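Taking it in order: structure first as structure tokens, then the write-up.
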Amino acid sequence: MQEKLNDILQRALEELIKIQNKDELGEFKVKFLGKQGELTSILRGMREVAPEDRPKVGALVNEVREKIESAYSAKEEEYNKIELEKELAKSAIDITEPGKFHEKGALHPTTRMFNKLIDICVAMGFKVVEGPEIETDYYNFEGLNIPKNHPSRDMQDTFFITDNILLRSQTSSVQVRSMENMKPPIKIISPGRVYRNDSDGTHSPVFHQLEGLVIDENVSMADLKAMLTSMMKKIFGESTKIRFRPSFFPFTEPSVEVDVSCPTCHGEGCKVCKGTGFLELLGAGVVNPKVLEMSGIDSKKYRGFAFGFGVDRFAMVYDGITDLRNMFKNDIRFLKQMK
Ligand code: PHE
């Protein structure tokens with residue numbers, strides 16, 4: 001028995017030296033140390049050994065097993081080390097390699113201006129209401145005191161889809177929808193896209209407006225002026241001045257066009273404001289009582305004012321952009337400058 005065990009040990013050590021790779025090492029383990037391995041089969045054959053010899057044989061088998069196991073472990077460790085080194089060599093970090101660079105995106109100037117305006121208005125207690133871009137003639141025109149075939153329609157070149165359905169030409173349509181759906185006091189803003197059949201350096205067939213509407217018992221032009229002044233100061237700075245010029249919109253009476261002192265030159269006159277010191281930025285006025293009545297609001301009890309901001313124009317003034325068309329081209333070179 002001793003001889004047999006020595007033979008196994010001898011062969012095991014010899015084979016171990018010859019091993020070339022991890023697979024062979026695995027095979028070795030099965031052959032000598034596994035459940036069907038040579039040593040185990042000797043232990044299984046213990047029955048044939050005389051009972052008094054069994055402890056001795058058992059101890060011998062264990063001794064041989066330990067020797068083989070420790071030789072095997074040493075070899076295994078050697079292979080693990082080699083593999084780890086190979087792995088490390090493959091994934092070596094080159095600290096001189098330039099890092100991976102992800103370009104950071106930014107919001108479009110119009111979106112940024114929308115966010116700014118909406119934040120200011122929400123802080124003043126306005127609720128944001130949205131309306132459809134495909135509108136009926138009634139909400140875009142008639143409900144705003146612009147009857148069919150009336151010359152005041154010529155103020156806005158419109159994309160009609162049918163005689164009665166159009167792409168809204170102004171967010172004022174949401175005024176009418178809100179007055180129908182809400183009970184005064186009403187204090188809403190409506191941001192959104194509008195469409196007109198124009199296109200040149202200062203007009204785009206699609207642009208953005210933000211409409212404001214306040215209806216309550218004792219509101220006046222003075223409130224409108226105070227509110228707009230405060231908003232413009234928040235956007236363009238404390239020193240901003242505001243100037244009202246008489247104008248005409250069928251849905252407001254009186255109507256005004258509002259100029260804001262040029263944020264670039266502060267009223268001195270420069271290229272941005274074409275030397276005038278002021279920029280025309282919005283339309284506004286006291287809601288025409290006829291418009292209130294059409295939407296079922298008692299014009300004896302309630303009054304209102306409304307304003308409409310041209311959001312792209314605000315953004316252009318704010319970011320010093322000179323051509324309106326740049327706002328809609330999605331030219332990456334332009335957008336990158338606007339970060
Ligand atoms: N809707 C008008 C326009 O697009 C602007 C406006 C809004 C004027 C609200 C007065 C009140 O020109």
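In each ligand, atom 1 is the first atom listed, and ligand 1 is the first ligand listed. The analysis underlying the following values was restricted to heavy atoms, covering all of them including side chains, and did not include hydrogens, waters or symmetry mates. Bear in mind the structure is a predicted one, so any value in this text is a computation, not a measurement.
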Once you restrict both partners to nitrogen or oxygen, which atoms of ligand 1 have a protein partner under 3.5 Å, and how far apart are they?
unit_1	atom_1	unit_2	atom_2	d
ligand 1	1 (N)	Gln170	OE1	2.8
ligand 1	1 (N)	Ser172	OG	2.9
ligand 1	4 (O)	Arg196	NH2	2.8
ligand 1	4 (O)	Gln209	NE2	2.8

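No path of Ile, Leu, Val, Met, Phe, Trp and Tyr side chains, each step under 4.5 Å between heavy atoms, connects Val174 with Ile134, placing them in separate hydrophobic clusters.
Between Phe28 and Phe32, the gap from one ring centroid to the other is short of 6.0 Å.
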Under the side chain to side chain contact (heavy atoms under 4.5 Å, CB included) criterion, do Asn326 and Asp331 qualify, and how do the steps go?
CA-CA 7 Å; Asn326 279 331; Asp331 183 333; 5.9 Å; no
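A side chain to side chain donor-acceptor pair (under 3.5 Å) with Gln170 is found for one member of Gln209, Glu211, Gln156 and no other, namely Gln156.
By the 30° and 60° cut-offs, the orientation of the rings of His208 relative to Phe114 is perpendicular.
In this view, Ser220 and Ala222, Asp223 satisfy the side-chain contact (heavy atoms from CB on, under 4.5 Å) rule, not counting sequence neighbours.
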